Amino acid sequence: MATQVTSRLDERTREIVKATVPVLAEHGEAITTHFYKRMLTERPELKNYFNMTHQKDGKQPRALANAVYAAASHIDDLSAIAPAAETIAEKHVSLNIRPEHYPIIGEYLLKAIKEVLGDAVDEEVIDAWELAYGEIADLFIRIEDGKYKASAWTGYRLFTIHKKVKESEEITSFYLKPEDGGPLPSYRPGQYIGIKADIPDYPHTQRRQYSLSDAPGKDYLRISVKREGGTDEIPAGLVSTWLHDQVQEGDVVPISAPAGDFFLDESTSRPVVLLSGGVGLTPLMSMYKKTRDERDVYFIHAARNGGAHGLKEEMDGEQTYVVYETPSEEDKTLAAYDKAGYVDLDWLRNVVPKEADFYFCGPEGFMRAMNGALHEWGIPDDQVNYEFFGPKGTL
């Protein structure tokens, strides 16, 4: 449902904000990088909400810069950014972001604009942005309030690790059951849950979202987690490594309610094409298992090789296809794949129908390739759906 937004800003304020759009295009990422650095230094308790890896690799500042730029560009009518705000709000609810957090964000964002742009902005510009931020924050608070009210629970509920299953060299599944023995929530295939992790010897709470990888209606929730790698400069995988190495069957973890706006559209009878790369198969596996007996479904999965291919035994339909970038000798002996190399448009045209709903998820390079291929093929935008793991990016 479209979110209606009526601006309360006067024309002069809106004109000032719109005039900053070229400046945001040039300096937006510098502003948001400075914003996060100062805020998280002066308010270290907020590190309990932010993924610090996404700070170090620049994804979070870049995503915020894109959001601020979009808001400034559409300050006359914020309805234009409401769909993107809905997606961000889903993540905020999963992280338990509350109205009282928004004034803190506003304070440090205005400081960052002042400190990065210096003499290029005067008090009139800062005042206009303070008013504009208030309107943007109100939009998010209103959207999030509706989502909290519709959520199966607010905050975190304790779940027991009922079963832990190694699916591949790098992916492990965790089967979760509520510790209180109460009913499981319903969810839409493609959605995720949040995990709150208090990791020994690490000073800050970590919050991560993981897609549900099985169909709804079971007596458990399942996530399938890839052990993430990293570098000395950007150490990734703090939570995934903790889950793989330290969390065991019988342990209890706090879980937020299912959320997310990437889910299977069940209002149409068109065929479904699922395109996944790496651990991006997790939300698509939920879609596949939910709808394979109800609609015509094609599932294409790309992985490095069979050793990295998790949940492979569950891709058991006649219209499932496996693409390995560098198949091993064992893969070749077992004829365990349908194509070596990459998923490309010429091959795609031969195995899936054009008149279908397309869903894809995976590493950003894979997603860019799929997005480009589908647009080159002429698939309408309203039949193309995708999910980013982490901050919302652009393709």
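Counting begins at 1 with the first residue of the sequence. The structure presented is a predicted model; accordingly, all values stated were derived computationally and were not measured.
With no hydrogens or angles considered, a side-chain donor-acceptor pair links Glu167 and Ser173 at under 3.5 Å. Remark: the Asp261 side chain and the Thr87 side chain contain an N/O donor-acceptor pair separated by less than 3.5 Å. In summary, the side chains of His309 and Ser168 do not present any donor paired with an acceptor at a separation below 3.5 Å, with no hydrogens or angles considered. Side-chain atoms of Gln319 and Asp296 form a donor-acceptor pair, as typed in the model, at a separation below 3.5 Å.
There is no path of hydrophobic side-chain contacts, each under 4.5 Å, that joins Tyr342 to Met367.
At most 12 heavy atoms of other shown residues, nucleotides or ligands fall within 6.0 angstrom of atom CD in Glu130. Under a cut-off of 6.0 angstrom, the local environment of CD in Glu294 is crowded, with over 12 non-hydrogen atoms contributed by other residues, nucleotides or ligands.
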- Task: Output, in order, the C-alpha distance, side-chain angles, deciding distance and verdict of side chain to side chain contact (heavy atoms under 4.5 Å, CB included) for Asp127 and Leu131.
- Result: CA-CA 6 Å; Asp127 290 345; Leu131 292 171; 5.8 Å; no
- Message: Set out, in order, the CA-CA distance, both residues' side-chain angles and the distance that settles side chain to side chain contact (heavy atoms under 4.5 Å, CB included) for Leu243 and Tyr210, then state yes or no.
- Response: CA-CA 12 Å; Leu243 285 167; Tyr210 294 103; 3.9 Å; yes
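Rounding to the nearest 0.5 Å places CZ of Arg14 at 14.5 Å from NE2 of His74. To the nearest 0.5 Å, the span separating CG on Asp251 from CD on Glu179 amounts to 11.0 Å.
Pairs engaging residues 189-198 under the side-chain hydrogen bond (donor to acceptor under 3.5 Å, both in side chains) rule: Asp198-Thr205 [sequence neighbours left out].
Between His101 and Tyr49, the ring center distance clears the sub-6.0 Å criterion.
With Tyr148 as the aromatic partner, Arg98 meets the cation-pi criteria of under 6.0 angstrom to the ring centre and within 45 degrees of the ring axis.
Tyr220 places no side-chain N or O within donor-acceptor distance of the main-chain N or O of Tyr175, the cut-off being under 3.5 Å.
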